[in-house]
Amino acid sequence: MESIQSSLKHMTGNRSFEKQFTQLKEAVFRSPHVQLFLEEHPSLSPITLEQGLSKLYEYQKEQSHCAHCPGLQKCPNLMKGYQPTLYVERDSLELSYSPCPLKEEEEREKKKRSLIRSLYIPKEILEAKFDDVESEPGRSIASHRALEFALSAKPGEDGMGLYLYGKFGVGKTFLMGAIANELKDRGIDSTIVYVPDFFRELKQSIGDGTFQQKLDFVKNAQVLIFDDIGAETMTSWVRDDVLGVILQYRIMEKLPTLFTSNYDYDELEEHLAYNDKSGTELLKAKRVMERIRHYTVSVMVQGQNRREHQS
Ligand code: ADP
Ligand code: MG
């Protein structure tokens, strides 16, 4: 910890130690963070403040780092990603450290990644922004709806989601990435899973005991994005005991679920009925489909296949 004393050592010149000390002290007491603290604790005695000077110094220094935050990777604080809180205990000033919002977010992401491996994370998608969405006539309605959702979503109060469908490579997943980023700026956490991998992962996790944990996580995601539904191998277990269960819960809790698919609603319904397009399977498929139809706005995404134009 860089103390006041060692800070003073950095200061050179002919001025007396005392003068420098007084100046530093004044600077500490002038800092807005310390001033606020003093306003909230008007009865602190001068002795307490004097004895707690190094704490006050540390506090204002680190808080001012945070006020000019250069991002978590470049955090200059003593403990990277931690912010000090100043408090009074038995007439003495004390500091405690807790993770800052950026650190908390990183921790949440880490936890999420360690639990669910099929989270969808190509870099270009993770960094997608609405500002980068190149406009193209076939996609403008979809972009508009996507932005509208991102700006107005209220998980827990409004469970309405989106269903973006269209051909391969038109930018459905990209739009979902842009939604996730916009939501993040609003402090809303979203979970994007690539459906074929996710269902496979869930199936495998039955053996290792993490199935319920994974299922619960996805059930409770503030905003859940099912990327590429319809591309998975459908079974009645996946449809009724996984997809149906997740959607039922999310509808009750008013948590929005978003989908991308190569299929429109009717085609997805057929896919969900997989081996029996007339009997009980179709009925069950219809039941799950109801939960998708009623709780999403469906938008077709058109345009060029952008992957064909890439190297
Ligand atoms: P889909 O999910 O519909 O198959 P993607 O979202 O994966 O398509 O998009 C295909 C490629 O085009 C990706 O490499 C993506 O980064 C890029 N892309 C998609 N939409 C846009 C856009 N609006 N602006 C710039 N690049 C885009
Ligand atoms: Mg996609």
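The residues of the chain are indexed from 1 along the displayed sequence. Just follow the structure's listing: the first ligand is 1, and inside any ligand the first atom is 1. Computed over heavy atoms, backbone and side chain alike; hydrogens, waters and symmetry mates excluded.
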inquiry  = Is it the case that ligand 1 has an N or O less than 3.5 angstrom from some N or O of G171?
reply    = yes
key: Whether F21 and F17 hold their rings parallel, tilted or perpendicular, with breakpoints at 30° and 60°   = parallel
message = Centroid separation under 6.0 Å, is that true for the rings of Y163 and Y265?
response = yes
inquiry  = Quick check on the 6.0 Å ring-centre criterion: do F37 and H33 meet it?
reply    = no
ask   = With distance as the sole criterion, is a donor-acceptor pair present between the side chains of Q83 and H65 under 3.5 Å?
value = no
message = Closer than 4.0 Å to some heavy atom of G169 - which atoms of ligand 1 meet that?
response = 1 (P), 3 (O), 4 (O), 8 (O), 10 (C)
key: Ligand-side contact atoms (ligand 1) for residue partner F168, heavy atom cut-off under 4.0 Å   = 4 (O)
ask   = Can you tell me if T260 has a non-hydrogen atom under 4.0 Å from ligand 1?
value = no
Rounded distance (nearest 0.5 Å) linking atom CG of L38 with atom CG of L49 = 6.0 Å
message = So, 2.8 Å as the limit: is an N/O/S atom of T173 located closer than that to the Mg ion (ligand 2)?
response = yes
